[in-house]
Amino acid sequence: RRSAPPADCVQDMVTVLPVPCDLLKDAAQAQVVAWDERFHVAAEVDAVVNAKAQSSAFGHRDATGVEAVKDVMPTERSMFQRLVHEAPSDRAVEVLDFGCGDGRYLRQFLRSAEALAESGRALRIVAYEVSAEALRSFHIQAQREGLAVVESRSQDSDAHLPSLEGRNLQLEFVLGSCSMTALQVGELLQRWAPRFDVTVIGWGTISSIPRLPGLSAEELLHELSKVSRFVMNVVSSTNNHVKFQRRYQAMRRAWSETVERPMVRAWLEQKIGLATFDRSYYYTVDTKQKMFYSAISADLEAARLKEAGYDSVRVQICNIINFFDIQTKPRAARINAAVIRLLERRDVWGAQLLLSRGVAKAFKKPLSSLQTGSCIFDNSSEHALYGQVARYFISTGESQAQRGAK
């Protein structure tokens, strides 16, 4: 089975198992239920997911700490501010928070709204999500930040929750469905704004998109290019959840080798679920639930954005240390920022020296004991270098269809 997105070249490079559509649809609905359960618990206990338990579940190498963090990374902050600055100065800035989760970008939105107030402009956010409990949690958190309920100005039939407004910020909440095609998602979003200035696709949203009939990451990116001028996508590299990636790759290989054993194939299809394509998998969280995810290389991320209709595409490092440590450990945040700066300048030896000093200090060894004549980094290309170290990429592009529109 292959879906038919506009990004034919990128998808032609991806092998997809021909799993029955009914099984895929059931697996997609089960994933939404799992998200609802987690967000419901977090909202009820007024607490974030425990990052220590999450780390133990993944193993130290694979712990991302995403769900335990309630703010953006420094790299995301600077990029978002730059894109907002590009918006026309004669009206409110319109932003689509696609796959908003429980509002991890809320604090950044509040900061940006405050900055825009100085120039007499406001910030309007349309938060789109397929998890009703995630939207509810976002709604609750925004009210705790001082935003008040207002009557929806339009699209009442589509609004999942009442609009919120305050602190120079307006929030609208739109509930989608895992049964919608990419085209249907695009049509729904166009009813909320004919044109967004920026689409933010936060921490791993695109990484959570399966391949269903009429739906894939490539198709969604193409539809988003029709409704928004700029895109900012934070997507998982292949350096996350390595053991889970290998496990599901082995299952897909086993499926391919059981052509004459239909009962074994049927059993494997139940285990594989939505992880039908290269670099897709499920990872286990601290509540023992399995969450669908996928990874991508820097080269493929750049290619699919270009083929989806974006120009001026850039793929950069979002982080090299897990999100939770960056937010809670100042020293980790400084190391993360310093290494990224060095690697973006292609100063691989400077980055190696910095890391070597850290290792020497941690293990109480002289720096000279770590001296080597070879570089640990792959400096053959920018994307190869970034792909070697990034936990998440942050990619940006400008829509060809929306460039110059007002």
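The figures that follow rest on heavy atoms only: side chains count, while hydrogens, waters and symmetry mates do not.
Of the possible donor and acceptor atoms, none in the side chain of S137 sits under 3.5 Å from a partner among the backbone N and O of E133. Side-chain atoms of R167 come within 3.5 Å of backbone atoms of E145 as a donor-acceptor pair (strictly under, hydrogens ignored). Remark: the backbone N or O of V32 is not paired with any side-chain donor or acceptor of S131 at under 3.5 angstrom. A side-chain donor-acceptor contact under 3.5 Å links N240 to the backbone of R391. Remark: side-chain polar atoms of S216 are not paired, donor with acceptor, to backbone N or O of L212 under 3.5 angstrom. Within the 3.5 Å criterion, the main-chain N or O of D378 finds a donor-acceptor partner in the side chain of Q388.
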Only distances under 3.5 Å count here; give the side-chain donor-acceptor pairs of residues 260-267 to other protein atoms, sequence neighbours excluded, each with its distance to 0.1 Å.
{"unit_1": "R265", "atom_1": "NE", "unit_2": "W255", "atom_2": "O", "d": "3.0"}
{"unit_1": "R265", "atom_1": "NE", "unit_2": "T258", "atom_2": "O", "d": "3.3"}
{"unit_1": "R265", "atom_1": "NH2", "unit_2": "W255", "atom_2": "O", "d": "3.2"}

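Ring-plane geometry between Y283 and Y281 is classed as tilted, the angle between the planes lying from 30 to 60 degrees on a 0 to 90 degree scale.
Across R124, R91, R229, a single residue satisfies salt bridge (Lys or Arg N to Asp or Glu O under 4.0 Å) together with D197, and that is R91.
Between Y392 and W203, the ring centre distance reaches or exceeds 6.0 Å. Aromatic pair Y282/Y248: ring centres closer than 6.0 Å. When ring centroids are compared, F173 and F138 come within the 6.0 Å threshold.
Using a 4.0 Å cut-off between charged side-chain N and carboxylate O, D325 and R331 make no salt bridge. Taking the charged nitrogens against the carboxylate oxygens, R304 and D299 have no contact shorter than 4.0 Å, which rules out a salt bridge. Using a cutoff of 4.0 Å between basic side-chain nitrogens and carboxylate oxygens, D102 and K70 are scored as salt-bridged.
Side-chain contact between L161 and L175: absent, with no pair of heavy atoms (C-beta onward) separated by less than 4.5 Å. The closest side-chain heavy-atom distance from L23 to Q270 is below 4.5 Å. Residues Q327 and M73 form a side-chain contact, since some pair of their non-hydrogen atoms from C-beta on lies under 4.5 Å apart. Looking at heavy atoms from C-beta onward, Y105 lies in side-chain contact with E76 at the 4.5 angstrom threshold. With contacts defined as side-chain heavy-atom distances shorter than 4.5 Å, the pair F109/F80 qualifies. Between T75 and I340 the shortest side-chain heavy-atom distance falls below 4.5 Å. Within the 4.5 Å cutoff, no side-chain heavy atoms of N168 are placed close to those of E114. Between M79 and T396, some side-chain heavy-atom pair lies under the 4.5 Å cut-off.
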Full working for side chain to side chain contact (heavy atoms under 4.5 Å, CB included) between L123 and E94: CA-CA 6 Å; L123 180 62; E94 303 267 356; over 6 Å; no

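Sorted by first and then second residue, the salt bridge (charged side-chain N to carboxylate O under 4.0 Å, His left out) pairs involving residues 336-353 (not counting sequence neighbours) form an empty list.
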